[in-house]
Amino acid sequence: MKRILTIVGARPQFIKAAAISHIIKEKYFNSLQEDILHTGQHYDQSLSGRFFSELDLPQPKYNLGVGSCSHGRQTALMLGGIEDILLDNPYDGVLVYGDTNSTLAGALAAAKLHIPVYHVEAGLRSFNCDMPEELNRILTDHASHLLFAPTKTAVQNLKNEGFNEEKIIFSGDVMLDNVRYYSSVHSLGLNANTEFILATIHRNFNTDIPERLTNILSAINDISELFHTEILFPLHPRTRKAIDSMNLTYNTNHIRFIEPLSYLETLSALQKARLVLTDSGGLQKETNFSGKACVILRPETEWVELVEDGSAILADADRQKIVESARKLIDKTIEPNRLFGDGNAAEIIVKKIIS
Ligand code: UD1
């Protein structure tokens with residue numbers, strides 16, 4: 001029996017980890033034992049606790065409770081805490097997801113102890129080194145033993161950077177596994193009788209630069225008036241703080257600011273939304289997998305396949321471009337992109353780790 005430690009800390013990681021945990025629990029419990037370590041990067045019930053219950057994710061065996069602080073300090077606190085746990089407990093491997101500070105800390109702590117690191121969502125690149133996530137994902141890839149790439153573009157990025165090809169596995173995207181799994185077994189119950197457009201932002205370059213935040217909110221307001229449709233806008237705590245600290249002098253009457261949605265509420269909202277506006281990487285894909293179109297509120301994306309197939313448009317924080325993109329994409333029915341694997345990424349990953 002092999003033992004692995006799964007390291008998570010932020011909202012998208014709970015969702016990705018659920019796909020792997022389900023497969024282990026259902027089919028591979030005789031070969032692989034998984035423990036979960038939560039760094040505590042996200043600690044609000046709305047960003048953390050409820051995902052464990054809703055996704056039926058095993059409760060973390062360890063919780064470092066690091067909370068919010070500067071990126072360097074947050075990563076350092078995690079690094080020390082994870083190392084202590086790995087020194088006291090023999091694990092055969094460490095599983096990390098995506099590109100957050102928790103991902104980097106987990107990968108680094110394990111690699112320095114010569115424990116194999118398995119990186120799920122390896123090879124993604126925005127080629128924008130100002131993003132903390134870009135630095136995290138590049139460094140994590142270099143510390144990893146196995147690189148599970150969600151797309152062929154990600155595979156190619158790794159090859160271009162000279163990674164040993166034996167380490168690279170095209171697994172497909174665990175988020176596609178999840179969309180299929182949860183859409184089929186749960187009845188999704190969000191009370192929204194009226195038509196709406198779904199909008200979210202949380203990236204620091206959108207929330208912390210007032211001009212960008214103002215442009216985005218103005219564009220969203222324009223879109224609401226143009227299509228006579230309410231905007232459903234779940235607020236990440238970072239975004240709420242930024243909006244609260246600004247003196248909003250324009251009309252946001254048509255924007256319904258709400259608490260962050262749960263995962264199942266998000267899937268439900270995607271089924272009903274006329275369009276999605278977001279800077280979230282995960283939501284871009286879930287929108288596509290749900291057959292809807294997306295305006296991406298960033299200058300670039302790691303998920304280039306969505307832009308190439310015309311189901312998403314990069315509009316950055318440009319008010320006019322956001323409105324024009326919405327005009328092109330509103331109510332468009334999308335054929336879900338087939339470049340994200342077959343919806344069995346989690347099983348490919350678990351089998352490879354065991355072997
Ligand atoms: C982090 C990830 C990002 C991921 C996102 C999902 C990094 C560098 N970024 O961004 O890749 O897409 O999570 O949400 O790791 N806060 C709370 N309550 C919480 C957590 C955070 O109020 O439970 C506030 C804190 O003031 C914090 C701010 O939100 O300073 C930002 O949190 P942080 O973990 O730094 O990054 P995210 O923006 O959530």
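Remember, it's 1-based here, ligands and their atoms both numbered in the order they're listed.
In this structure, Ser224 contributes its side chain and Thr229 its backbone to a donor-acceptor pair below 3.5 Å.
The existence of a salt bridge linking Glu324 and Lys321 is excluded, since no basic side-chain nitrogen approaches an acidic carboxylate oxygen closer than 4.0 Å. Between Arg125 and Asp141 there is a salt bridge, since a side-chain N of the basic residue sits under 4.0 Å from a carboxylate O of the acidic one.
Pairs engaging residues 73-84 under the side-chain hydrogen bond (donor to acceptor under 3.5 Å, both in side chains) rule: Gln74-Asn101 [sequence neighbours left out]. Counting only residues at least two apart or in different chains, ring-ring contact (aromatic ring centres under 6.0 Å, His included) contacts with residues 220-240 comprise His42-His236, His202-His236, Phe233-Phe257. Residue pairs meeting the salt bridge (Lys or Arg N to Asp or Glu O under 4.0 Å) criterion with at least one member in residues 87-96: none, sequence neighbours excluded.
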Go ahead and list the nitrogen or oxygen contacts between ligand 1 and the protein that come in under 3.5 Å, distances to 0.1 Å, or just say none.
unit_1   : atom_1 : unit_2 : atom_2 : d
ligand 1 : 9 (N)  : Glu133 : OE2    : 3.2
ligand 1 : 11 (O) : Asp99  : OD1    : 3.4
ligand 1 : 11 (O) : Glu133 : OE2    : 3.0
ligand 1 : 12 (O) : His202 : NE2    : 3.0
ligand 1 : 13 (O) : His42  : NE2    : 3.4
ligand 1 : 14 (O) : His236 : NE2    : 3.2
ligand 1 : 15 (O) : Gln41  : NE2    : 2.8
ligand 1 : 15 (O) : Asn101 : N      : 2.9
ligand 1 : 18 (N) : Tyr43  : OH     : 3.4
ligand 1 : 18 (N) : Asp44  : OD2    : 3.0
ligand 1 : 23 (O) : Tyr43  : N      : 2.8
ligand 1 : 23 (O) : Asp44  : N      : 2.8
ligand 1 : 26 (O) : Lys241 : NZ     : 2.3
ligand 1 : 34 (O) : Gln41  : NE2    : 2.9
ligand 1 : 38 (O) : Arg238 : NE     : 2.8
ligand 1 : 38 (O) : Arg238 : NH2    : 3.3
ligand 1 : 39 (O) : His42  : NE2    : 2.7
ligand 1 : 39 (O) : His236 : NE2    : 2.9

